[in-house]
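Okay, here's the structure, questions in a sec.
Sequential numbering from 1 along the given sequence is applied to the chain's residues.
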Amino acid sequence: MQTAEVEISPREAEVLELVAAHFSNAEIAARLFISVRTVESHVSSLLRKLEVPDRRALARRAPEPADGAAAPSHPAPVLPAPLTSFVGRTGERAELVELLSTHRQVTAVGPGGVGKTRLALAVAAEAAGDHPDGVWFADLVPVTDPDLVATAVSGAIGLGEQPGRDMTESVLAALADRRALLVLDNCEHVLDGVALLVERLLATCPGVTVLATSRARLMVPFERVYPVPPLSLPADGESDAVALFMDRAAAVGRPLDPEVRDQVAAICERLDGMALAIELAAARCPTLGLDGITAALSHPLRMLTGGSRADERQRSVRGALDWSHALLEPDDRALLRQVSVFVAPFTAAAAAEVAGGEEGIVAEGLARLAEQSLLVVTASAGRTEYRALETIRQYAMERLSEAGELAATRSRHVGWCLARAAELAVTRDGWRARFDAVADDLRAALAWAADQQDRRADAYRLAACLAELAFTRHLIGESQGRYEQAAALADDAAAAASMLRQAAAVAGCRMQGDDMYRLYHAAADAARRAGDAAGAACDLATAAAHAYRFSGKFVRELPQEELLACVAQARETAGDDPAARAAVALAEAGQALTELADHLDDATVRATIARAGHAVELAHRTGDPLAESAALDTLTCAQSWAGDTFAAAGTARRRITLLSSAPDTPAATHELVEALGEVIEAFLGTGDLPGARRWARQLADHPLLSEVGDRATGWLLVADALAGDVEEVQAGSVRFLDAWQRAGSPARSVLGPPAAAVAMTHALRGDHDAARDWRAVLARLDPSPRNTHGYGAVFDAMLLLHQGRAAEALDRLAPEPREVWQWVTWIWHHWYVALRAEAAVLAGTPDAHDRVAEARTVVSGNPVATALVDRAAALLVGDRKALLAAADAFTTAGCPYQSTRTLHLADATTTAR
């Protein structure tokens with residue numbers, strides 16, 4: 001026939017054969033275990049390929065069987081017709097088909113609801129071609145007596161009872177010479193009967209293969225076990241779990257928008273990829289919606305019900321779990337209840353400690369629970385861990401409560417968690433992995449203990465430990481919350497004050513100034529309750545001092561009256577306590593420094609430096625390096641306001657040296673990170689670019705900033721941009737931008753200089769689109785005068801001079817340094833003055849000579865700024881030799897860009913002559 005001349009796929013040939021047999025699309029879909037839509041697609045393809053107008057004509061084009069029979073050469077599989085399409089499981093189907101081709105007995109094991117039956121049906125249909133004498137399916141759920149397994153099988157293959165022969169013999173006789181596949185579904189409750197029958201089948205019927213599904217393996221020597229995994233969850237590729245949810249949700253309502261796949265994926269992950277749970281959840285979509293399902297999953301066993309299933313076990317997840325639970329021995333039921341308090345994978349030793357049993361006996365019980373698919377086992381080189389899927393765990397937790405064992409088991413779990421936390425606090429080998437392994441259990445134990453009045457002391461200890469451990473793990477948001485939780489749980493006001501101080505320090509690390517201020521005030525209140533007036537004074541003064549020191553970390557602008565009142569109250573209650581007096585002195589110095597911007601005269605500057613120096617002296621007497629570091633920070637700022645860049649840099653270096661031996665606490669970490677930023681600024685301000693880059697690399701590599709790439713790389717970008725290292729700027733800017741965008745693209749002025757540096761670098765290399773994009777980032781980060789008149793003017797001037805637009809560069813730097821002092825002091829003063837002198841020379845202004853002479857005095861001692869001024873002086877008189885010397889000076893100072901530019905200017909000078 002012409003049909004043979006057309007290229008038809010094997011699947012299309014199957015569809016064509018069934019069309020010729022007058023089956024409907026739905027019937028074809030059921031027989032081939034594909035969707036109706038797929039059948040329709042195959043029929044359309046056949047109509048097109050065979051060039052026929054309709055289905056009737058298509059049926060006539062089906063090839064005749066070779067022997068003229070109307071039926072296929074072997075029986076069609078006798079399998080239940082699924083009521084819904086089979087979704088996914090491509091890999092699992094292929095693996096099971098391959099196993100059936102090489103092993104005569106395969107058991108697909110897994111927990112109830114994982115999808116064993118549907119997978120077995122799909123595999124049986126796919127493997128039917130390898131079993132020409134028949135494929136049969138026997139559901140053993142109705143069987144209550146192991147001796148009646150053979151009766152169920154005989155019914156499945158169409159045998160009646162034969163006088164003088166028991167059912168087992170009848171089955172064996174019927175299958176003795178058959179090449180057939182027998183699917184035995186749901187074997188877990190009649191394992192002994194199944195094992196006996198299968199053993200006799202395999203021995204007596206050499207052509208028979210058995211595929212069994214069960215929640216527990218048959219435990220026979222000839223068995224090949226295939227653990228059925230949950231549906232694949234979202235990863236880099238497609239997710240079977242999401243596909244199933246979308247399919248079933250569409251079946252009971254209207255198709256879901258593809259944009260909600262992430263929300264569906266989150267639901268599927270909470271359901272551990274369990275097929276039954278996903279189907280039941282999807283069925284609630286029309287009434288609950290995705291947000292309602294997400295909320296209801298806090299009680300999944302209550303929500304995951306429904307479905308039109310003939311088997312009561314499959315109408316709800318609870319029904320499926322009731323079935324499994326009923327098969328357990330009493331001791332194993334008790335163990336399942338007790339280990340349900342673990343929310344993360346656990347070992348047999350951990351289970352024994354919480355269950356209160358001997359480890360060996362508990363290990364045997366865990367093995368039995370795993371064999372019943374109620375626990376998932378993960379084995380590694382030196383450790384075997386167990387885990388219950390979340391729905392099973394919650395089911396067991398309900399049983400634990402019903403048995404009246406909840407409080408006792410939870411208490412033992414809290415004790416186990418406290419012991420693990422104590423171990424983590426003193427050991428560092430493999431610390432991160434060990435913390436991650438128990439962190440969820442620590443959190444769960446704390447959540448329970450915090451609600452138990454008689455466990456309040458344990459909850460306090462656990463919260464304090466978890467706060468410290470979370471900080472070490474760089475989960476600083478959680479760390480702050482745990483310290484605050486510990487303060488709320490503390491029975492002693494002094495302990496509460498201590499926890500609140502730690503929380504404030506962590507808030508500083510998070511750049512959350514408002515939280516820092518609030519928490520120091522709360523600590524002061526707690527200290528007063530404890531009768532510690534000096535401690536309260538210290539906390540109040542520190543709150544004010546931090547408001548002055550870290551104003552850029554605050555969202556709310558604090559009124560000066562509020563801060564002055566805070567300092568006054570601290571001063572009144574400080575008494576003679578050295579720490580309190582030092583804290584008050586620091587706050588007063590910070591207050592004076594803030595007021596300096598409005599009264600920038602020599603006398604006020606000297607007075608402010610004296611105040612800061614006094615604060616340093618008092619802090620030094622306390623022996624507290626952190627207090628002294630804070631005072632040195634204020635002194636550094638005062639010296640920079642005075643225009644003494646090198647003195648400020650020396651104080652910044654002194655601060656770093658002091659902190660090198662500070663303890664590894666939140667407060668010390670906060671000071672160190674801030675000090676690193678300050679010493680980088682000091683080196684940039686004095687023209688030591690290699691030194692600035694070394695410190696910037698140390699800051700970028702600090703573990704605290706591992707997840708804060710914008711803050712980590714900021715000063716490194718500035719140093720690289722000023723040096724002209726384009727490749728480093730481009731590489732670092734990727735991490736900077738990604739971290740800033742992931743943080744929600746906040747307006748944060750401290751990140752303005754790196755954004756300006758990157759924008760300038762892109763413009764220097766001619767990538768104007770990238771430069772424009774980064775200028776937009778800069779406008780979002782910092783629209784303040786600091787950008788307009790400070791670092792922004794410096795970077796813009798460098799670019800304009802590079803482009804030969806000297807007059808525009810001079811306009812950009814038009815204000816005298818004194819007019820924009822608060823924006824150019826410290827880092828940018830020398831750069832501003834030196835670039836201004838060069839712009840005046842290249843623009844040909846009458847006062848260019850005077851500007852060069854004035855700039856030379858200001859930047860003396862700064863190698864890069866001095867080279868800039870020397871270059872300007874050489875350009876003023878056309879001295880090529882001096883230009884070459886300036887180029888060498890730039891190279892020595894670690895500024896290759898300016899060296900190369902100087903050589904170009906020297907060549908231009910020679911050409912002009």
Side-chain angles (χ1 to χ4, degrees), residues 26-39 77-97 99-100 106-128 135-141 156 181-188 210-215 226-233 238-252 268 271-283 304 306-317 319-321 323-324 373 389 391:
E27 290 170 326
I28 295 173
R31 285 177 173 266
L32 298 182
F33 293 93
I34 57 179
S35 68
V36 174
R37 182 171 296 180
T38 301
V39 175
V78 183
L79 300 171
L83 300 180
T84 55
S85 61
F86 186 80
V87 176
R89 297 280 197 192
T90 302
E92 293 94 323
R93 289 164 66 181
E95 290 174 9
L96 265 175
V97 169
L99 284 177
L100 290 174
V106 178
T107 305
V109 299
V114 78
K116 301 184 296 296
T117 298
R118 290 301 304 272
L119 176 61
L121 286 171
V123 168
E126 194 167 335
V135 177
W136 291 282
F137 177 91
D139 183 5
L140 302 185
V141 168
L181 173 64
L182 179 61
V183 181
L184 302 178
D185 193 36
N186 297 298
C187 301
E188 55 273 353
V210 176
L211 171 61
T213 74
S214 178
R215 302 184 190 190
Y226 179 80
V228 178
L231 291 168
S232 63
L233 292 168
E238 290 296 317
S239 162
D240 287 347
V242 171
L244 178 64
F245 189 103
M246 301 285 278
D247 181 87
R248 298 304 191 254
V252 295
C268 293
L271 295 173
D272 293 307
M274 296 293 285
L276 173 61
I278 290 170
E279 291 198 31
L280 293 173
L304 298 175
S308 55
R309 298 175 183 268
D311 180 3
E312 182 63 28
R313 296 171 311 136
Q314 301 299 315
R315 289 181 56 81
S316 70
V317 170
L321 294 176
W323 172 268
S324 294
S373 300
L389 298 180
T391 49

Rounded to the nearest 0.5 Å, how far apart are CG of L184 and CG of D139? 10.5 Å

Quick check for you: to the nearest 0.5 Å, what is the distance between E92 atom CD and L119 atom CG? 6.5 Å

Residue among V210, L211, V123 satisfying side chain to side chain contact (heavy atoms under 4.5 Å, CB included) with V106: L211

Looking only at non-hydrogen atoms, find the nearest pair between R93 and A122 and report the distance. NE-CB, 4.1 Å

Do W136 and V183 have side chains that approach each other closer than 4.5 Å (heavy atoms only, starting at C-beta)? no

Shortest non-hydrogen contact from V228 to A108? CG2-CB, 3.7 Å

Does any part of the side chain of F137, heavy atoms only, come nearer than 4.5 Å to the side chain of T117, both counted from C-beta? yes

Donor-acceptor contact below 3.5 Å, side chain T213 vs main chain N186: yes

Can you list everything that forms a side chain to side chain donor-acceptor pair (under 3.5 Å) with T107? Sequence neighbours excluded, please. Q105, E223

4.5 Å side-chain heavy-atom contact, V109 and Y226: no

